[in-house]
Engineer: 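Dropping a structure here in structure tokens format, bear with me for questions.
Per chain, numbering begins at 1; letters A, B, ... match sequence-line order.
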Number of protein chains: 2
Amino acid sequence: MEKQTITIYDVAREANVSMATVSRVVNGNPNVKPSTRKKVLEVIERLDYRPNAVARGLASKKTTTVGVIIPDVTNLFFASLARGIDDIATMYKYNIILANSDENEHKEIQVLNTLLAKQVDGIIYMGNKITDELRAEFSRSKTPVVLAGTIDPEQQVGSVNIDYIAATEEVIGKLIANGKNKIAFVSAPLSNPINGQHRLKGYKNALINANKAYDESIVFELEPNLHNGEELAAKLIAEGVDAAYVAGDELAIGILNGVINAGLNVPEDFEIVASNNSKITEMARPKLSSIMLPLYDIGAVAMRLLTKIMNKEEIDEKSITLPYKIIYRGTTSNEGK
Amino acid sequence: MEKQTITIYDVAREANVSMATVSRVVNGNPNVKPSTRKKVLEVIERLDYRPNAVARGLASKKTTTVGVIIPDVTNLFFASLARGIDDIATMYKYNIILANSDENEHKEIQVLNTLLAKQVDGIIYMGNKITDELRAEFSRSKTPVVLAGTIDPEQQVGSVNIDYIAATEEVIGKLIANGKNKIAFVSAPLSNPINGQHRLKGYKNALINANKAYDESIVFELEPNLHNGEELAAKLIAEGVDAAYVAGDELAIGILNGVINAGLNVPEDFEIVASNNSKITEMARPKLSSIMLPLYDIGAVAMRLLTKIMNKEEIDEKSITLPYKIIYRGTTSNEGK
DNA sequence: ATGAAAGCGCTAACAG
DNA sequence: CTGTTAGCGCTTTCAT
């Protein structure tokens with residue numbers, strides 16, 4: 001015999017009140033006499049009643065869940081953002097539906113649509129380049145979208161980032177100040193505006209500031225995994241590169257290990273700066289110097305921004321720029337710092 | 001003027017059929033004449049109709065979403081499981097609601113309840129010790145639960161794991177065969193049955209096999225983070241330990257770096273074996289030898305198992321044990337292997 | 001093969 | 001402060 005799910009109606013009957021009243025106490029509506037509230041609460045307790053969020057969602061047109069599109073949870077960079085997102089979501093009584101996209105345009109569209117079908121109240125998107133098709137889908141629905149740690153040059157929707165240009169410029173400047181002559185720019189695909197437009201621009205700016213020529217032959221674009229980093233090390237050394245700015249922590253560790261295994265000393269012969277400061281930068285030996293993105297905060301602030309939008313509050317600035325730091329650890333020479 | 005959401009009713013009207021028919025074509029019910037199916041499909045296309053999953057969920061009592069309770073997405077071990085879970089979920093048309101619990105009993109109960117309120121079709125739980133209260137909640141609802149990479153001695157619900165005892169026993173045996181005399185057992189809290197009962201048992205077994213005494217003074221229990229590992233290294237060296245089995249990859253890297261920074265050679269003076277083989281084991285220098293848990297697969301199989309249960313299919317064995325491997329990399333001496 | 005109609009469990013006016 | 005009454009958008013018998 002099936003266990004009968006007990007509904008708001010059962011509670012109403014047992015408590016001798018109407019469904020509306022039960023609904024009121026469940027939702028904390030103050031317009032209920034304390035004594036009847038108490039009575040209802042007792043029945044709820046006794047019957048072990050649990051409101052059905054789906055029914056509630058249908059009736060109220062709000063699901064208190066937000067969709068989160070993430071390239072890959074297994075990537076510490078995004079996982080850290082996701083953690084910030086979830087914590088703030090929880091704080092505001094939202095849950096998150098997490099969907100991996102692998103930065104695949106087709107999957108992104110696909111996932112976005114199922115998220116919308118599930119009537120999420122909002123969406124947080126993390127990824128790379130936002131295709132026109134995706135942008136079109138974003139605006140087609142009136143569901144609010146916020147970008148976390150990703151940049152859309154069109155700036156249609158809210159977003160949270162740091163000033164990648166300034167950060168990169170600063171760090172390259174430091175490398176130059178340290179006496180490095182040939183500083184490589186190593187990056188995940190440049191199709192990502194953060195890499196291709198912002199970080200690269202910061203790199204160029206620093207070069208200009210120092211009166212150095214931009215040399216495209218030491219700008220590398222590759223899939224950001226450990227192996228590619230290890231492999232690139234030899235090439236870097238062969239090119240006479242003596243420092244590298246690396247967009248992608250895993251890539252940075254690969255390069256670091258590759259360079260050391262090749263017999264060079266870090267930071268004496270070769271300096272490296274990573275750019276995300278995910279947990280793994282501290283696992284390297286020596287520990288990686290890195291731009292310190294406030295990963296958790298980016299996620300948290302993005303979610304907070306989304307709650308405001310969902311709540312139709314006034315937003316002063318929908319493109320939020322968070323402060324960054326640069327932390328010089330073992331892969332840069334720290335004299336004079 | 002508000003954009004009017006278009007419903008199944010609108011489609012029915014425009015296509016001159018009943019809602020039931022539209023519902024049928026949307027759900028791929030074969031009992032529809034091809035010509036009318038075509039007609040309906042055209043209207044759906046024209047009106048850009050998208051079924052409301054919430055309404056569907058209320059009517060059908062199935063939400064096609066599963067809840068995933070995870071200690072912390074930021075932990076590569078669990079993130080890897082989560083990836084396997086999500087991929088298989090997607091394959092079977094489910095979405096996942098991801099909720100971080102921090103292995104906090106209170107949060108776990110809390111989260112479980114909101115998941116149930118949202119009428120998830122099933123739950124995948126990852127964590128540590130399953131408290132009696134949690135176990136009680138599990139059985140209180142008829143929502144199926146599967147444990148991924150976590151052990152409940154009570155074996156109430158389905159679960160997917162490897163044979164931790166055998167794996168640990170094998171790896172300790174190897175360390176002994178390599179001539180190591182004082183092998184520490186370093187672990188995250190032993191309250192987790194995997195650590196406290198299975199892994200530790202494997203460790204003891206190996207000792208017995210080799211006719212060595214169990215020495216509690218070199219069994220360490222601590223929060224599994226990098227810093228604790230680094231700090232423990234000195235103690236280990238002081239104790240005259242010459243090898244360590246470490247349950248927790250981050251912890252293992254900490255110990256590795258600590259030991260090397262103290263001037264020892266790895267693996268000559270000190271061997272280390274990690275036990276989860278998350279991505280970071282390869283980022284260490286030298287790369288960490290490790291028990292190779294099929295993390296992704298554990299998640300994937302757990303989700304697959306859950307789909308079967310949700311689908312009320314016959315389950316031959318609800319406690320699944322996946323094969324493991326041991327991969328000897330740079331932190332163990334590999335002579336004779 | 002198709003339609004009518006009764007819910008699914010809850011919220012939200014509205015009335016009192 | 002409380003009850004009545006419509007729905008929310010879709011699935012699902014049950015007829016036809």
Engineer: Salt-bridge test for B:R50 and A:E137: reply yes if a basic N is under 4.0 Å from a carboxylate O, no otherwise.
Structural biologist: yes

Engineer: Please step through side chain to side chain donor-acceptor pair (under 3.5 Å) for the pair A:D87 and A:Y296, ending with a clear verdict.
Structural biologist: CA-CA 9 Å; A:D87 282 358; A:Y296 179 93; 2.6 Å; yes

Engineer: Which two nucleotides bound the region of DNA chain C that has atoms under 4.0 Å from heavy atoms of chain B, read 5' to 3'?
Structural biologist: C:dA1 to C:dG9

Engineer: If only side-chain N and O atoms of A:T36 are considered, is one of them under 4.0 Å from the OP1 or OP2 phosphate oxygen of D:dT2?
Structural biologist: yes

Engineer: Using a 3.5 Å distance criterion without hydrogens, assess whether the side chain of A:D121 forms a donor-acceptor pair with backbone atoms of A:T64.
Structural biologist: yes

Engineer: What is the distance from CG of A:N31 to P of D:dC1, rounded to the nearest Å?
Structural biologist: 6 Å

Engineer: B:T150 and B:K129: side-chain donor and acceptor closer than 3.5 Å?
Structural biologist: no

Engineer: Is any side-chain N of the basic residue among B:R46 and B:E14 closer than 4.0 Å to the acidic one's carboxylate O?
Structural biologist: yes

Engineer: Of the residues in residues 21-28 of chain A, which ones touch DNA chain D at a heavy-atom distance under 4.0 Å?
Structural biologist: A:T21, A:R24

Engineer: Is a donor from one side chain sitting under 3.5 angstrom from an acceptor on the other, for B:S319 and B:Q155?
Structural biologist: yes

Engineer: Is there a donor-acceptor contact under 3.5 Å from the side chain of A:N52 to the main chain of A:A55?
Structural biologist: yes

Engineer: Rounded to whole Å, please give me the gap between CZ in B:R50 and C1' in D:dG9.
Structural biologist: 16 Å

Engineer: So, B:R83 and B:D86, do they make that salt bridge, N to O below 4.0 Å?
Structural biologist: no

Engineer: Which of residues 8-20 of chain A have a heavy atom under 4.0 Å from DNA chain C?
Structural biologist: A:I8, A:M19, A:A20

Engineer: Think A:K61 has a side-chain N or O under 4.0 angstrom from the OP1 or OP2 of D:dG9?
Structural biologist: yes

Engineer: Please determine whether a side-chain nitrogen of the Lys or Arg among B:K308 and B:D316 lies less than 4.0 Å from a carboxylate oxygen of the Asp or Glu.
Structural biologist: no

Engineer: Looking at CD1 of A:I96 and CD1 of A:I70, how far apart are the two atoms once the value is rounded to the nearest 0.5 Å?
Structural biologist: 8.0 Å

Engineer: Measure NZ/B:K62 against P/D:dC10 and give the value in whole Å, please.
Structural biologist: 17 Å

Engineer: Which of these passes side chain to side chain contact (heavy atoms under 4.5 Å, CB included) with B:V11: B:V17, B:V26, B:V22?
Structural biologist: B:V22

